[in-house]
Amino acid sequence: MNQTDDIRLAEQLRASDPGEREAAFVQLVDRYSQRIYWTVRKIVVSHHDADDVVQNVFLKVWHSASAFRGESGLFTWIYRIAVNESLSLVRSRRVGLFSSLDDGGASFDRIVSSEGLFDGDAAERALARAVGRLPARQRAVFTLRYWDQMPYEQMSAVLDTSVGSLKASYHHAAAKVEQWVRRDVSGADFTVCDESDDPAVPVHSCPDPVSAGGTVRSGNGTGNCEETAKK
């Protein structure tokens, strides 16, 4: 969807005619819900939690549409709500799902494998566990940059953080993830690349990102995973 479409949808969401508002909202959900779902899912891990977060996101969009002033793009605004909702959930559940990382990740692996977030081979489980160990906000930064391949300027608008701080946060996260994956999968040669803000150059463009135990699914570069969300 281009900027003109975003502006039109934003105007319709603030319309006085209830029918026009509802039609715009249905169009918004139809176009953006899958992209939002997969970003949320990478942060919160569980499909059921992601589903709940996405519903809350679009409820907030519906009730807050009149407050949208167009200072950022409509999708950027929705993304910001989605990330904030995801971080709130992760922080509230820290002693639940992610405490299972301390038992060697067995419980975490069962959730990741049974719900289809990754194919379930050793490398993918190691990557999921590594990202799960990151502090909540750092995990959001890693998700937006690595999996969604979002430019830093847009990340800055979503997370309300300077580009310099985001770059530092991402590189710290990437270093931790690389270390944990290599330690978790014997013989893995895992490297996170981030050499360009050019959208034509994938963030994780290193050849053979995981040379032992399989490869890591990262989506198709638009924020959508290549598989359909399980419902």
Is any side-chain heavy atom of [Y] closer than 4.5 Å to one of [X]?
{"X": "Leu159", "Y": "Leu144", "answer": "yes"}
{"X": "Asp148", "Y": "Tyr79", "answer": "yes"}
{"X": "Leu74", "Y": "Leu28", "answer": "yes"}

What are the two closest heavy atoms between [X] and [Y], and how far apart are they?
{"X": "Val141", "Y": "Ser169", "result": "CG2-OG, 3.9 Å"}
{"X": "Leu13", "Y": "Arg21", "result": "O-NE, 3.0 Å"}
{"X": "Ala140", "Y": "Val83", "result": "CB-CG1, 4.0 Å"}
{"X": "Ile36", "Y": "Ala82", "result": "CG2-CB, 3.8 Å"}
{"X": "Ala24", "Y": "Leu9", "result": "O-CD2, 3.5 Å"}
{"X": "Ala157", "Y": "Thr76", "result": "CB-CG2, 3.7 Å"}

How long is the gap from [atom1] on [X] to [atom2] on [Y], to the nearest 0.5 Å?
{"X": "Gln34", "Y": "Thr39", "atom1": "CD", "atom2": "OG1", "value": "11.0 Å"}
{"X": "Met155", "Y": "Thr143", "atom1": "CE", "atom2": "OG1", "value": "9.5 Å"}
{"X": "Trp147", "Y": "Phe142", "atom1": "CH2", "atom2": "CZ", "value": "5.5 Å"}
{"X": "Ser86", "Y": "Ile81", "atom1": "OG", "atom2": "CD1", "value": "11.5 Å"}
{"X": "Leu134", "Y": "Arg129", "atom1": "CG", "atom2": "CZ", "value": "13.5 Å"}

- [ ] Taking side chain to side chain donor-acceptor pair (under 3.5 Å) as the test, write out the residues that go with Arg137, two or more places apart.
- [x] Thr161
Open item on the list: Using the side chain to side chain donor-acceptor pair (under 3.5 Å) criterion, which residues pair with Ser162? Sequence neighbours excluded.
Closed with: Ser165
- [ ] With Gln138 as reference, evaluate His172, Lys176, Arg133 under the side chain to side chain donor-acceptor pair (under 3.5 Å) test and give the passing residue.
- [x] Lys176
TODO: Using ring pair (Phe, Tyr, Trp, His ring centres under 6.0 Å) as the criterion, list what pairs up with Trp77, not counting sequence neighbours.
DONE: Phe68
- [ ] Given side-chain hydrogen bond (donor to acceptor under 3.5 Å, both in side chains), test Arg8 with Gln12 step by step and report yes or no.
- [x] CA-CA 6 Å; Arg8 175 182 57 79; Gln12 291 174 336; 3.2 Å; yes
Flag, side chain of [X] to backbone of [Y], donor-acceptor distance under 3.5 Å:
{"X": "Arg139", "Y": "Val131", "answer": "yes"}
{"X": "Arg145", "Y": "Tyr170", "answer": "no"}
{"X": "Ser156", "Y": "Tyr152", "answer": "no"}

TODO: Report yes or no: is the cationic atom of Arg80 (NZ for Lys, CZ for Arg) closer than 6.0 Å to the six-membered ring centre of Phe75, at no more than 45° off its axis?
DONE: no
Task: Residue list, side chain to side chain contact (heavy atoms under 4.5 Å, CB included) with Ala23, at least two apart or on another chain - done: none
Open item on the list: Could you work out, with side chain to side chain contact (heavy atoms under 4.5 Å, CB included) as the rule, every residue matching Gln179, not counting sequence neighbours?
Closed with: Arg183
Task: Verdict with supporting geometry, His47 and Tyr37, ring pair (Phe, Tyr, Trp, His ring centres under 6.0 Å) - done: CA-CA 9 Å; His47 160 68; Tyr37 170 88; 5.7 Å; yes
Could you go through residues 56-67 and list every donor-acceptor pair under 3.5 Å that involves a side-chain atom there, pairing it with any protein atom two or more places apart or in another chain?
unit_1	atom_1	unit_2	atom_2	d
Asn56	ND2	Asp52	O	3.4
Lys60	NZ	Glu85	OE2	2.6
Ser64	OG	Lys60	O	2.9

